[in-house]
Protein chains: 2
Amino acid sequence: MPPRGKRAPSAQEQYQEAVATYVAAGGDESVQRVITAVNSMSRKLEQWYTRQLVDLDLSHGEWSVVAQLATADGAPMTPSRLADASNVAASSMTHRLDKMTERGLVRRSPDPDNRTRVRVELTDQGWELFGAAVREANVVESDVLAGLTRKERSQLAALLEVVISRLDDLETP
Amino acid sequence: MPPRGKRAPSAQEQYQEAVATYVAAGGDESVQRVITAVNSMSRKLEQWYTRQLVDLDLSHGEWSVVAQLATADGAPMTPSRLADASNVAASSMTHRLDKMTERGLVRRSPDPDNRTRVRVELTDQGWELFGAAVREANVVESDVLAGLTRKERSQLAALLEVVISRLDDLETP
DNA sequence: TCCGAATATTTCGATATCGAAATCTTAGCA
DNA sequence: TGCTAAGATTTCGATATCGAAATATTCGGA
C-alpha cells in the first residue's frame with residue numbers, strides 16, 4: 001500500500017511551494033524565504049525531539065521546562081516566566097510542575113523576597129536528565145547541519161544572531 | 001510592581017546563556033549556535049502569530065491547517081498528512097476538521113481513487129482568510145528581518161535552504 | 001498609614017489533544 | 001478468487017490545556 005495520501009512531498013518541495021504561495025498572497029519574497037525556512041526547520045526539529053524524548057519519558061512541554069530551568073542558570077525562575085517561555089497558559093504550568101515535582105525533576109520553594117512568587121529549580125535528577133537529553137539531541141542536530149562547512153555554520157549563526165538581537169525591540173510596545 | 005519574576009532577560013541574553021549551557025552539557029558549539037537561534041526565533045514568531053490570529057478568531061493549530069492546505073496547492077491533502085504536518089495525532093485532526101468544516105473554512109470529500117481516503121480542501125472563505133493572515137503576518141515578519149540588508153537576507157535564506165534540502169535524507173531510516 | 005490597583009499563583013469548568021481500539025478499504029500473494 | 005496484512009479515518013476514554021475567577025500579596029499614592 002502506498003505510504004500516505006498520494007505521496008508526501010519532500011521537505012524541500014514543500015518549502016518551495018510554501019514560499020511561492022506566500023509571495024503570491026502578498027508576502028515579500030526576501031522575507032518569506034527566511035521565515036518559511038526557519039519555521040520548516042523548527043517544525044522538523046520538533047518532530048525529532050518528540051521522538052527522542054520518548055526514551056526519557058518526557059513530553060515536549062516538559063522538556064521545555066527542563067531546558068528553561070537549565071539555561072536560566074543563576075536567575076531563579078517562576079511558574080509564570082516558565083509559562084511565557086513555553087508558550088502555554090500559567091494555569092497549565094501549575095499542573096505541569098505538579099507532575100514534574102511529583103516525579104522528582106523540579107522543586108518549588110517560596111521566594112524569600114516576595115511571598116507572591118514561587119521559585120522553581122531543577123533537582124539533581126532534573127540536571128542529569130537535562131544532560132542526557134542534550135547529548136542525545138546533539139546527534140540529530142549535527143546531522144541536520146552536516147551539509148554546511150564550519151565556516152558556513154558560523155556565517156549562518158552570525159546572521160541569525162543579528163535577527164535575535166532585534167527581537168527585544170519588537171516586544172509589545 | 002515589577003514586571004515578572006525578577007526581570008525577564010532579553011531574548012539575546014537568553015540565547016547566549018542557552019548556547020553556553022548546551023555547550024557545557026556536551027553539545028558542539030557550531031551546532032548549538034545555529035540550532036538554538038532557529039528555535040528561539042521560531043518560538044518568538046509563534047507568540048506573535050498566536051496574538052495576531054486572535055483577530056481572525058483562529059487558533060495556532062487551525063492556522064497550521066489553513067496554511068498547509070493553501071501551500072499544498074495542487075496535490076489534494078488528507079487528514080493524516082495534515083496531522084503529520086501539524087505535529088498532532090490523527091484523531092485530533094478529525095475534531096479540528098469537524099470544527100473548521102462547520103465554520104465553512106474547509107471541505108471534506110471522498111477520494112474517488114481510494115475510498116479509505118478523504119480529501120480536504122479550502123473553501124473560498126478559507127482562501128480569503130489565508131490571504132488576510134499572510135498579509136498581516138508579513139508585517140511582523142518584515143520587522144523581524146529589518147536588521148538585515150537585502151543581500152544578507154539572501155545569504156541567510158541560501159544557507160537555510162541547504163539545511164532544508166538535507167532534511168529529507170534524515171527521515172526515519 | 002490605609003486603600004485601591006496590579007501581580008503571581010492556583011482552582012475550576014469547558015475544550016482540545018492523545019493513544020488505543022474499531023471500522024472499512026485496499027494491496028499483495030497463494 | 002480468496003485471504004491476510006496494512007493503511008486511513010473515526011470513535012472513545014483519559015489527560016492536558018485554556019481562560020476566567022478566586023486568593024493572597026505587594027506597590028504606590030491619598
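Just so you know, these numbers use all the heavy atoms, side chains as well, and skip hydrogens, waters and symmetry mates.
Within the structure, every side-chain polar atom (N or O) of A/Arg96 is placed at least 4.0 Å from both OP1 and OP2 of D/dA16. For D/dG7, neither phosphate oxygen OP1 nor OP2 lies less than 4.0 angstrom from any side-chain nitrogen or oxygen of B/Arg117. Residue A/Thr94 places at least one side-chain N or O closer than 4.0 Å to OP1 or OP2 of C/dT10. For B/Ser80, a side-chain nitrogen or oxygen approaches OP1 or OP2 of D/dT9 to under 4.0 Å. Between B/Lys99 and C/dA16 there is a side-chain polar atom (N or O) within less than 4.0 angstrom of OP1 or OP2.
If you check C/dT10, D/dT10, C/dT17 against the side chain of B/Ala90, the one that comes closest is D/dT10. Here D/dT17 is the nucleotide among D/dT26, C/dT9, D/dT17 with the atom lying nearest to any side-chain atom of A/Ser92. Between C/dT17, D/dT9, D/dC18, one nucleotide has an atom nearer to the side chain of A/Ser91 than all others, and that is D/dC18. In this structure, of C/dT25, C/dT17, D/dC18, it is C/dT25 that holds the atom nearest to the side chain of B/Thr116. Taking every side-chain heavy atom of A/Arg108 into account, C/dT10 is the closest of C/dA8, C/dT10, D/dA8.
Closest of all the heavy-atom pairs between A/Val106 and A/Leu122 is CG1-CD2, 4.1 Å. Heavy-atom minimum distance, B/Val162 versus A/Leu148: CG1-CD2, 3.7 Å.
Between A/Lys99 and A/Glu62 a salt bridge is recorded (basic side-chain N to carboxylate O distance below 4.0 Å). In summary, B/Arg108 and B/Glu121 do not engage in a salt bridge, as defined by a charged side-chain N under 4.0 Å from a carboxylate O.
Going from atom NE2 of A/His95 over to atom P of C/dT10 covers 13 Å, rounded to whole Å. Computed from coordinates, the A/Asp84 CG to C/dT9 P distance equals 10 Å when rounded to whole Å. Atom CZ in B/Arg119 sits about 17 Å away from atom C1' in C/dT25, given to the nearest Å. Following rounding to the nearest Å, B/His60 (NE2) and C/dA16 (P) show an atom-to-atom distance of 17 Å. Across the protein-nucleic acid pair, B/Asn114 atom CG and D/dG7 atom P stand 13 Å apart, rounded to whole Å. The separation between B/Glu62 atom CD and C/dT15 atom C1' is 12 Å, rounded to whole Å. To the nearest angstrom, C1' of C/dT15 lies 17 Å from CG of B/Leu58. The distance from atom CZ of B/Arg115 to atom P of D/dT10 is 16 Å, rounded to the nearest whole Å.
In A/Asp55, the CG atom is crowded: over 12 heavy atoms of neighbouring residues, nucleotides or ligands sit closer than 6.0 Å.
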